[in-house]
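Taking it in order: structure first as structure tokens, then the write-up.
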Amino acid sequence: MLNVKSLRTEWVTLLASLYLLIGFNVFLWQHLEQVVPPGLPGLWLSLAFAVLMLFAFNLILTLFAFRFVLKPVLILLFMSGAGVAYFMNQYGVLIDAGMFRNIAETNVTEVRDLLSLKCALYILGLGILPSVLLWKAPIAYRAWHRELLGKLVVSGACVVALGSVALVNYQGLSSLFRNHHELRLMLTPSNIVGASIGYVSERVGTAARPFQPYGEDARRDAAWQQHARKSLTVLVVGESARAENFGVLGYARDTTPNLAKEQGLLAFSDVHSCGTETAVSVPCMFSGMGRKEYDARVAKNREGLLDILQRAGLAVQWRDNQSGCKGTCDRVQFIDVSNLTDPALCAHGECHDEILLQGLAELLDNLDKDTVLVLHQMGSHGPEYFKRYPAQTERFTPVCHSNALNQCSQQEIVNGYDNTLAYTDKVLAMLIDTLRSKQDKVDTAMIYLSDHGESLGEYNLFLHGTPYMLAPEQQKHVPLLTWFSDSYREDFGLDTDCLAKLSDAPLSQDNLFHSMLGLLQVRTEVYQQSLDMFASCRPWLAAKR
């Protein structure tokens with residue numbers, strides 16, 4: 001493209017296809033090397049795959065090879081592909097509509113944590129410089145009828161080449177595509193195009209749906225008349241906490257020393273998330289749909305758990321130290337604490353999770369209505385784990401102090417991550433101690449459930465957001481903890497000795513919606529007792545049956 005002589009569009013599309021295939025797909029080629037057979041058969045299959053993709057890219061770009069169209073399209077692919085290549089190479093993420101949803105619904109703090117000099121060099125080297133060269137390069141366009149004829153010839157040649165390569169290598173390629181669906185999410189820029197179409201389709205579908213009420217018949221059970229006190233039920237939504245690293249769930253390292261001492265704490269060992277990113281898991285767990293039936297378009301336009309609780313006469317408040325509630329709290333009281341300026345707990349535009357507990361004691365002292373309080377943590381959000389906890393609480397060293405996780409040792413990454421869980425342990429213990437201190441006046445309870453887990457380098461994956469069917473257990477296996485005051489257990493008829501026997505039962509975020517309704521004695525036709533994890537441990541309910 002640097003030659004003074006103008007290039008024909010056929011050469012431009014071919015060179016651009018080669019550049020996209022080689023420059024933006026290092027992660028794909030590294031993965032392909034691991035999944036093809038060893039030796040010469042694997043090399044031949046990889047070559048066939050590369051040739052197939054080259055002709056596919058060239059065929060598609062040929063359709064856009066018109067004056068005033070080709071250069072903008074290629075520049076858009078170069079710029080977006082550079083960013084995607086960085087995050088795929090850096091963190092092992094896969095690109096689908098869910099990842100685009102994450103990008104669209106993130107906040108400034110999360111974006112800042114992901115930026116680095118290396119990211120800037122990727123954008124500059126793979127995106128900006130080639131785009132500038134392309135923009136200045138002269139392209140020779142023929143008369144429209146000759147240009148169209150040329151495109152027909154090139155397109156036909158590409159189709160013949162695609163068919164020939166596929167036919168000669170049918171068995172190997174068909175097996176590769178059938179057994180490794182992740183390849184389509186690694187191939188840049190086709191993954192960008194597919195994810196964009198999927199996300200836009202979801203947004204359009206959401207906008208076209210009318211808003212729907214849900215659980216309109218919700219009312220509190222007559223059992224509420226027997227309650228001696230007002231109640232505060234605190235639901236803590238964790239962030240990126242994986243069960244594998246929780247001390248109270250059997251992790252070899254003691255990341256939860258405070259919770260281990262809390263009398264009455266129950267830890268559930270076999271709990272799985274609805275998704276692998278906040279934008280899916282949080283709406284899903286509050287929607288009542290369940291993972292298999294979850295549809296983001298429906299969830300965005302339908303009432304959920306908090307609406308039903310509020311309709312039943314409970315006060316509902318959401319306190320957020322993250323990037324919002326993803327639509328689940330749009331119709332209840334919302335308090336954003338993430339940008340407060342407390343000098344002890346906040347700095348550089350973000351706050352540590354202790355900020356969520358400010359004013360809790362005063363709330364309990366002045367509680368005049370049965371209340372559900374949701375605390376949405378910053379938790380263990382990566383990649384800069386060292387920012388998620390106060391420096392003076394650091395227990396495990398050395399720690400990775402970079403967002404370029406693949407430049408740190410795995411032990412440094414794990415140390416930083418485990419420090420975030422140790423800080424969560426401190427915050428939850430403080431919460432329980434505050435609730436316990438007021439139990440003579442108020443029925444108090446805490447339920448903690450993380451939105452999803454986190455990868456720390458296993459299988460060369462970092463962070464979260466891998467498509468669910470491909471995601472490792474570390475991103476799906478999450479901690480669930482409960483604590484109930486004595487008076488809460490009495491007034492709400494909950495047998496915690498019975499509940500302790502279910503600590504190893506298979507559960508998921510599907511259970512949250514119905515368990516909260518059942519626990520809070522809210523009657524509605526949308527409640528499913530079979531999904532209520534507390535149902536078998538409430539004697540009053542058993543008596544009614």
Side-chain angles (χ1 to χ4, degrees), residues 1-26 28-29 32 44-85 95 125-170 172-174 176-177 183-198 200:
M1 295 183 190
L2 288 172
N3 294 339
V4 175
K5 185 178 178 180
S6 299
L7 290 175
R8 292 294 185 188
T9 55
E10 294 84 2
W11 282 108
V12 175
T13 58
L14 182 60
L15 290 172
S17 298
L18 276 169
Y19 176 57
L20 290 169
L21 199 62
I22 297 172
F24 296 82
N25 286 285
V26 173
L28 169 67
W29 302 127
L32 194 63
W44 179 258
L45 183 59
S46 296
L47 180 62
F49 177 86
V51 172
L52 195 71
M53 294 304 106
L54 176 64
F55 283 114
F57 280 9
N58 195 54
L59 174 62
I60 295 170
L61 289 180
T62 297
L63 302 178
F64 292 91
F66 294 96
R67 192 188 304 271
F68 309 123
V69 176
L70 181 58
K71 285 186 177 181
V73 167
L74 288 177
I75 289 172
L76 179 62
L77 292 177
F78 291 169
M79 294 301 296
S80 59
V84 164
I95 308 302
L126 286 178
I128 294 177
L129 292 180
S131 295
V132 171
L133 294 175
L134 173 65
W135 188 257
K136 292 183 176 181
I139 299 177
Y141 293 96
R142 309 178 186 89
W144 71 268
H145 57 283
R146 295 184 63 190
E147 195 70 46
L148 183 60
L149 179 61
K151 287 174 175 47
L152 289 174
V153 172
V154 171
S155 298
C158 287
V159 170
V160 171
L162 284 168
S164 301
V165 173
L167 186 62
V168 171
N169 301 276
Y170 176 77
L173 288 172
S174 62
L176 184 67
F177 290 128
L183 294 177
R184 66 181 179 83
L185 304 178
M186 295 179 177
L187 182 63
T188 305
S190 64
N191 52 3
I192 300 173
V193 176
S196 301
I197 293 172
V200 171

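Each residue takes its place number in the sequence, starting with 1.
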Spacing of [X] atom [atom1] and [Y] atom [atom2] [to the nearest 0.5 Å]:
X	Y	atom1	atom2	value
I60	S190	CD1	OG	7.5 Å
T9	L14	OG1	CG	11.0 Å
L54	L59	CG	CG	11.0 Å
L176	N169	CG	CG	10.5 Å
L134	L129	CG	CG	12.5 Å
S155	L63	OG	CG	5.5 Å

Nearest heavy-atom pair of [X] and [Y]: which atoms, and what distance?
X	Y	value
V165	A48	CG1-O, 3.6 Å
L162	L52	CD2-O, 3.1 Å
M53	F177	CE-CZ, 4.2 Å
L77	P189	CD2-CB, 3.8 Å

Verdict with supporting geometry, F49 and L28, side chain to side chain contact (heavy atoms under 4.5 Å, CB included): CA-CA 11 Å; F49 177 86; L28 169 67; 3.9 Å; yes
Has the side chain of W29 got a donor or acceptor atom that lies under 3.5 Å from a matching backbone atom of A50? no
Any side-chain to backbone donor/acceptor pair from N25 onto T188? Under 3.5 Å, distance only.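 Looks like yes, one N/O pair under 3.5 Å.
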Return yes when atom OH of Y141 has more than 12 non-hydrogen atoms of other residues, nucleotides or ligands closer than 6.0 Å, and no otherwise.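 Atom OH in Y141 is packed in, count exceeds 12.
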With a sphere of 6.0 Å drawn around OH of Y170, does it hold more than 12 non-hydrogen atoms of other residues, nucleotides or ligands?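 Result for OH/Y170: open.
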Taking the side chain as C-beta and beyond, is there a heavy-atom pair between F57 and L187 under 4.5 Å? yes
Taking side-chain contact (heavy atoms from CB on, under 4.5 Å) as the test, write out the residues that go with [X], two or more places apart.
X	result
V200	V204
R142	R8, E10, R146, E147
V193	I197
I128	M79, I123, L124, V132

F55: which residues meet the ring pair (Phe, Tyr, Trp, His ring centres under 6.0 Å) condition with it, sequence neighbours left out?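 Ring pair (Phe, Tyr, Trp, His ring centres under 6.0 Å) check on F55 returns nothing, list empty.
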What's the verdict on side chain to side chain contact (heavy atoms under 4.5 Å, CB included) for V12 and L61, showing C-alpha distance, side-chain angles and the deciding distance? CA-CA 9 Å; V12 175; L61 289 180; over 6 Å; no
Start with the C-alpha gap between S6 and I139, add the side-chain angles, then the distance that decides, and say whether side chain to side chain contact (heavy atoms under 4.5 Å, CB included) holds. CA-CA 5 Å; S6 299; I139 299 177; over 6 Å; no
Mind checking whether F24 and Y19 have parallel, tilted or perpendicular rings, split at 30° and 60°?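 Perpendicular.
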Taking the cut-offs as 6.0 angstrom to the six-membered ring centre and 45 degrees off its axis, would you call K151 and F66 a cation-pi pair? yes
According to the side chain to side chain donor-acceptor pair (under 3.5 Å) rule, which pairs have a member within residues 45-66, sequence neighbours left out?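 Checked against side chain to side chain donor-acceptor pair (under 3.5 Å) - neighbours excluded - the pairs reaching residues 45-66 are T13-N58.
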